[in-house]
Amino acid sequence: GIQVEQSPPDLILQEGANSTLRCNFSDSVNNLQWFHQNPWGQLINLFYIPSGTKQNGRLSATTVATERYSLLYISSSQTTDSGVYFCAVSGVNAGGTSYGKLTFGQGTILTVHP
Amino acid sequence: DTGVSQNPRHKITKRGQNVTFRCDPISEHNRLYWYRQTLGQGPEFLTYFQNEAQLEKSRLLSDRFSAERPKGSFSTLEIQRTEQGDSAMYLCASSLLDSRSPLHFGNGTRLTVT
């Protein structure tokens, strides 16, 4: 099956700093989502981005599908950004109805200090 | 849009007992997914439904696990003869039929088997 690698595994920032999280995947994808899991375990959908660039406030994401990677940018980080960030993908070669069958990376644990 | 709802939030049970979890998806969503997340890992796909039809099951879903979505609305996940290795967060997600529709996750049910 498709492999997903996220880096870095851990990231510690001071409030106000910027950061970039990376997601590499091993095959062509028909779905790619970035999630934030808060300390209570809730998975919050940040971006649906199998290709291209999107921005939402202080967050933006870029997926270069031909090179099989995606980047999540967090600017002016806040303590509420702390948590685990997951990249999840579904592979094109897994079948036409597989786009919801997501394979998650191991996540990046982000800690933002005041 | 009230989001995906899961009940109960927490369940503690003794080994060998049966447990059942419920998921109410976003009302207009045709697809419903179950995932499992263990400590320190990303969620793993278990199964998914399109309306009332269960279209795919992961190898992770042993014969002690059964999922239903009888009227294409809410879904239940039952685990029979629970084992300590079943302790995990069980996450439900839903999406529209459109392949460009992202998955939206519920808050999960945390199962502890003692």
Side-chain angles (χ1 to χ4, degrees), chain A residues 1-7 9-10 21 23-25 28-52 54 56 61 63 65 70 83-92 94-109, chain B residues 1 3-6 8-11 23 25-26 29-51 53-61 75 88-112:
Chain A
I2 194 166
Q3 305 297 311
V4 183
E5 291 184 3
Q6 291 186 243
S7 60
D10 298 276
L21 283 56
C23 171
N24 293 333
F25 43 94
S28 299
V29 298
N30 54 20
N31 185 358
L32 188 149
Q33 292 183 243
W34 282 97
F35 295 93
H36 174 217
Q37 190 164 42
N38 62 25
W40 297 271
Q42 185 179 9
L43 269 173
I44 299 165
N45 178 49
L46 298 176
F47 292 103
Y48 167 79
I49 189 165
S51 64
K54 290 186 179 179
N56 184 4
T63 297
S70 183
V84 185
Y85 288 80
F86 286 107
C87 169
V89 304
S90 65
V92 167
T97 60
S98 69
Y99 70 88
K101 182 184 170 184
L102 296 174
T103 299
F104 282 74
Q106 291 290 87
T108 292
I109 301 172
Chain B
D1 178 358
V4 178
S5 176
Q6 292 189 247
R9 290 298 310 277
H10 304 274
K11 179 71 177 178
C23 171
I26 294 171
H29 284 185
N30 308 94
R31 293 194 170 183
L32 185 148
Y33 309 82
W34 285 99
Y35 284 77
R36 180 172 69 186
Q37 185 177 22
T38 53
L39 201 61
Q41 304 295 317
E44 296 175 293
F45 170 81
L46 292 179
T47 188
Y48 90 94
F49 293 83
Q50 182 168 305
N51 299 315
Q54 187 172 17
L55 295 187
E56 188 167 350
K57 294 193 288 186
S58 162
R59 290 171 298 170
L60 294 175
L61 214 63
S75 175
M89 175 78 88
Y90 289 84
L91 293 160
C92 177
S94 68
S95 73
L96 293 169
L97 198 57
D98 186 339
S99 63
R100 295 162 296 177
S101 172
L103 271 67
H104 296 268
F105 281 82
N107 290 338
T109 294
R110 185 171 296 282
L111 173 66
T112 302

For this session: Let me know if B:Glu44 has heavy atoms under 4.5 Å from chain A in its side chain, its backbone, both or neither.
Result: neither
For this session: Identify which part of B:Leu91 has an atom lying under 4.5 Å from any heavy atom of chain A, answering side chain, backbone, both or neither.
Result: side chain
Exercise. Where on A:Gln6 is there a heavy atom nearer than 4.5 Å to chain B: the side chain, the backbone, both, or neither?
Worked result: neither
Seminar exercise, completed: CG of A:Leu43 to NE2 of B:His104, rounded to nearest 0.5 Å, is 12.5 Å
For this session: Answer yes or no: is there a donor N or O on one side and an acceptor on the other, between the side chain of B:Tyr33 and the main chain of A:Leu102, under 3.5 Å?
Result: no
Exercise. Looking at A:Asn45, A:Thr103, A:Ile109, which one has more heavy-atom pairs under 4.5 Å with chain B than the rest?
Worked result: A:Asn45
For this session: Hey, could you give me the OG1/NZ distance between B:Thr47 and A:Lys101, rounded to the nearest 0.5 Å?
Result: 10.0 Å
Seminar exercise, completed: Counting heavy-atom pairs under 4.5 Å with chain B, the top scorer among A:Trp40, A:Phe86, A:Phe47 is A:Phe86
For this session: Among the options B:Gln41, B:Arg110, B:Met89, pick out the one with the most heavy-atom pairs lying under 4.5 Å from chain A.
Result: B:Gln41
Problem set entry | B:Pro102 backbone acceptor or donor facing A:Gln33 side chain under 3.5 Å | no
For this session: Counting only heavy atoms closer than 4.5 Å, note whether A:Phe35 contacts chain B via side chain, backbone, both or neither.
Result: side chain
